[in-house]
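Notes for the one structure printed next.
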Amino acid sequence: MLSCGDFGIQALQRGLLSAAQLEAARVAINRHLKRKGKVWMRVFPQKPVTRKPAETRMGKGKGAVEFWAVVVRPGNVLFEISGVSLTLAREAMRLADDKVPFECRFLSREGRE
């Protein structure tokens with residue numbers, strides 16, 4: 001599961017995670033850690049989501065890119081942290097979990113959950 005850090009956050013449901021939501025979670029983690037430790041983002045927004053303007057007639061091609069997103073499946077690890085205590089990492093990951101639109105769980109390398 002964890003490849004880089006000692007603690008992580010894992011998705012339990014599938015969903016689409018926008019780049020803005022991913023960035024909000026990363027900022028929440030970094031603010032809580034106060035620039036201590038190391039943080040890894042294990043996912044990257046590489047899927048363009050397009051939309052056509054409202055009240056547009058059919059045809060005329062595909063709409064413009066509205067935002068970039070990540071397709072998240074159950075079991076994907078979103079973030080990893082190392083170099084901080086268990087309590088600090090757990091709280092940082094709880095704050096990140098509040099920013100994503102699906103359920104996640106806390107992981108630790110030692111198995112202490």
Side-chain angles (χ1 to χ4, degrees):
M1 301 275 196
L2 296 175
S3 64
C4 304
D6 299 325
F7 308 104
I9 187 171
Q10 181 182 39
L12 296 177
Q13 298 172 338
R14 68 182 63 245
L16 209 61
L17 184 63
S18 72
Q21 293 167 333
L22 190 64
E23 179 66 9
R26 186 193 65 79
V27 168
I29 291 171
N30 283 335
R31 282 200 177 142
H32 186 72
L33 294 181
K34 298 181 182 163
R35 298 175 54 86
K36 294 182 187 118
K38 177 122 175 79
V39 179
W40 287 272
M41 270 179 34
R42 294 278 308 275
V43 293
F44 185 79
Q46 57 191 5
K47 179 179 178 155
V49 178
T50 61
R51 296 255 164 82
K52 292 199 63 148
E55 301 179 7
T56 303
R57 292 185 178 193
M58 295 291 287
K60 306 280 192 252
K62 193 170 177 140
V65 174
E66 190 76 14
F67 60 92
W68 291 83
V70 180
V71 177
V72 177
R73 294 181 179 88
N76 281 16
V77 177
L78 304 177
F79 291 98
E80 292 187 25
I81 298 175
S82 69
V84 295
S85 67
L86 173 68
T87 55
L88 195 63
R90 188 180 294 276
E91 181 62 19
M93 291 303 187
R94 186 193 64 79
L95 292 171
D97 185 16
D98 291 342
K99 304 293 182 189
V100 298
F102 40 81
E103 289 185 38
C104 297
R105 74 173 175 183
F106 180 75
L107 299 174
S108 66
R109 192 173 291 281
E110 296 83 27
R112 303 174 296 169
E113 292 190 27

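Please read all numbers here as calculations on a predicted model, not as lab measurements. Along the sequence shown, residues carry numbers from 1.
For residues 66-77, no pair satisfies side-chain hydrogen bond (donor to acceptor under 3.5 Å, both in side chains), with sequence neighbours left out.
Considering only residues two or more places apart in sequence or on other chains, S82 meets the side-chain hydrogen bond (donor to acceptor under 3.5 Å, both in side chains) condition with none of them.
When all heavy atoms are compared, the tightest approach of S3 to R42 is OG-NH1, 3.3 Å. Closest of all the heavy-atom pairs between F7 and S85 is CE1-O, 4.1 Å. Counting all heavy atoms, side chain and backbone alike, F102 lies closest to Q13 at CB-OE1, 3.5 Å. In terms of heavy-atom proximity, I29 sits nearest to A92 at CG1-O, 3.7 Å. Between A69 and L16, the closest heavy-atom pair is CB-CG, 3.7 Å.
For the atom pair CG (L86) and CG (D6), the distance works out to 10.5 Å, reported to the nearest 0.5 Å. Taken from CE in M1 to OG in S108, the straight-line distance is 11.5 Å, to the nearest 0.5 Å. In this structure, the separation between CG on L17 and CD on E23 is 11.5 Å, given to the nearest 0.5 Å. Residue H32 holds its NE2 atom at 8.5 Å from CD1 of I81, rounded to the nearest 0.5 Å. Taking CZ of R105 as the start and CG of L12 as the end, the distance is 6.0 Å to the nearest 0.5 Å. Atom NZ of K34 sits about 8.5 Å away from atom CG of L88, to the nearest 0.5 Å.
A 4.5 Å side-chain heavy-atom check between E91 and T87 finds every atom pair outside the cut-off. Inter-residue side-chain proximity for L22 and M41 is flagged as met; some heavy-atom pair is nearer than 4.5 Å. At a threshold of 4.5 Å between non-hydrogen side-chain atoms, the residues V72 and L78 count as touching. When side chains are defined from C-beta on, Q21 does not count as touching V100, because their heavy atoms never get closer than 4.5 Å. Contact of the F106 side chain with the Q10 side chain is not registered, since no non-hydrogen atoms from C-beta on lie closer than 4.5 Å.
With hydrogens and angles ignored, the 3.5 Å screen pairs a side-chain donor or acceptor of K52 with a backbone N or O of G59. Using a distance-only test at 3.5 Å, with no hydrogens or angles considered, no donor-acceptor pair links the side chain of R35 to the main chain of N30. Distance alone, capped at 3.5 Å, places no donor-acceptor pair between the E80 side chain and the L2 backbone.
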Determine, stepwise, if the pair T56 / K60 fulfils side chain to side chain contact (heavy atoms under 4.5 Å, CB included).
-> CA-CA 9 Å; T56 303; K60 306 280 192 252; 5.9 Å; no
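Under a hydrophobic clustering in which Ile, Leu, Val, Met, Phe, Trp and Tyr are joined whenever their side-chain heavy atoms come within less than 4.5 Å, directly or via other members, L95 and V39 fall into different clusters.
The number of heavy atoms from other shown groups lying within 6.0 Å of CZ (R31) does not exceed 12.
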